[in-house]
Amino acid sequence: MASKKSWHGRLKASADAITAELLASIDIDTDLWRYDIAGSIAHAQMLSEQKIITKKEFQTIKKGLLSVASDIEAGTLAMPIELEDIHMVIESALTERTGDAGRKLHTGRSRNDQVALDLRLWARDAAESLISATKTLQSAFVELAREQGQIVIPAYTHLQRAQPILAGHGLMAYVEMLGRDVERIQDCRKRIDVSPLGSGAVAGTSIDLDRKRTAELLGFSTISRNSIDATSDRDFLVELAMCCATLTMHLSRWCEDWIIYSSTEFGMIELHDAYCTSSSMMPQKKNADTLELIRGKTASTFGSLMSLLTMVKGLPLAYNRDMQDDKRFAFMTVKQTLLALGVAPGIVSTAKFREEIVAATIDEGFLDATALAEYLVNRGVPFRTAHHIVGQLVATAEAEGLALSELTLDTFQEASDAIAKDVYQYLTAKNVVKRYAPDGAGGKKQLAKQLRFWTRKLQ
Ligand code: ARG
């Protein structure tokens, strides 16, 4: 097997089985094969345009690479672990099929710039998939907000009832978070979009390559400026992993909310059966397992981010073999994030707010207390004083088991002579929601504005 390796001229002994396993990344980097083939074809075309190989050799290489590609696609290409990775597997198959032409492909190239190139091509596609899946989820939230968003629900802080809002306002909060995730990935994509090809192993090459040409053939906006950095930079994977970590962190907050909201205690949301499971023992159970699994994806994504950072930390310039494992973390984090993003829109678009249950308890918990303090402010009472007065009224109402709207006018006027009969029009969750004033608040006109903004943006 040692003779199959491209460096058998230098090394006399070959690895035993377990060492070969340590050296190999073929179990994971097979996923790069399309990018590897595309990168090699572009490199060979450029070599021929530069007259470093002949046109005929380029055609032979291209044909050979395409036949290797179709064998990989069909699952018939042998991938011996001794060849280490997909780059060597493809090159060795090519050489078997094309002889000396194939042996010229690696001119002016190293696996170091080759793997950096393949990863960037992969990351570019990954970024596109993540962006489009995130937008699909945003659209599902927007639709739910449009269809069921007019229900009044409590907003919570500290998971205690805070102020009333339209349900749509709560849903649009997730759309905002996901919108920043999309922007982050778009920004990350700019730094992915740089071709490292032609950087060689570390210092470049004496062969007269046209780096701009391969960049152009592969659809990159620009080429890297420094061969040392280009072959050893993995920031773009760290950034992409950070985008996945933040995105799944956002998903986990949504899932946590809906797991709570769908409990009997909250009774706010009903999930479609297709996204729930039951229990092998308790026949009544309807568990939100899909939400829990999506919430749990943060374990993989946060772990991958930390793994990538740790992998690169303290590495001397430039390429070191530690980096080979980058693919394990990067592929896994994107795959798990896309899996979560793939299921989430269905959960959202089939969910139902349980309007009657919510309405039956919406006036518990003094959601209108802040609005009452603001009523006093509008009648000249300083806010701190108003806050104190309403605090006392809440304590009185709570002691009597009443809502604020059920207190008598006498009770109100004992607390403050600024309160008049019209106070009742300002109380109850429904009335409060009608009066939200500034942009970004939880009322109807603000929701309409958010829906307009995001509908246009997501088109
Ligand atoms: N499979 C390797 C990787 O993913 C290829 C690079 C090997 N380079 C080297 N100089 N040994 O990093």
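Both counts, for ligands and for their atoms, begin at 1 and track the order of listing. Because the structure is a prediction, the values reported are computed rather than measured.
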Are any of the side-chain nitrogens in Glu183 or Arg180 under 4.0 Å away from the carboxylate oxygens of its partner?
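Answer for the salt bridge query: no.
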Considering only NZ, NE, NH1 and NH2 on the basic side and carboxylate oxygens on the acidic side, decide whether Glu128 and Arg189 come within less than 4.0 Å.
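Yes.
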Donor-acceptor pair, side chain of Gln324 and main chain of Arg321, under 3.5 angstrom:
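Not at all, since once roles are kept as given, no pair shorter than 3.5 Å links the two residues.
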Sub-3.5 Å donor-acceptor pair from the side chain of Glu84 to the main-chain atoms of Ala24, do we have one?
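Looks like no, no N/O pair under 3.5 Å.
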Taking only distance into account, with no hydrogens and no angle test, what donor-acceptor pairs under 3.5 Å do side-chain atoms of residues 329-343 form with protein atoms, sequence neighbours excluded?
{"unit_1": "Gln336", "atom_1": "OE1", "unit_2": "Lys297", "atom_2": "NZ", "d": "2.7"}
{"unit_1": "Thr337", "atom_1": "OG1", "unit_2": "Thr333", "atom_2": "O", "d": "2.6"}

Positive for salt bridge (charged side-chain N to carboxylate O under 4.0 Å, His left out) with Arg120, one of Asp125, Asp233, Asp193
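Among the candidates, only Asp233 passes.
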Show me, by chain and number, every protein residue that has a heavy-atom distance under 4.0 Å to ligand 1.
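If the criterion is a heavy atom under 4.0 Å, then ligand 1 touches Ser25, Asp85, Arg111, Asn112, Val115, Tyr319, Arg321, Gln324, Lys327.
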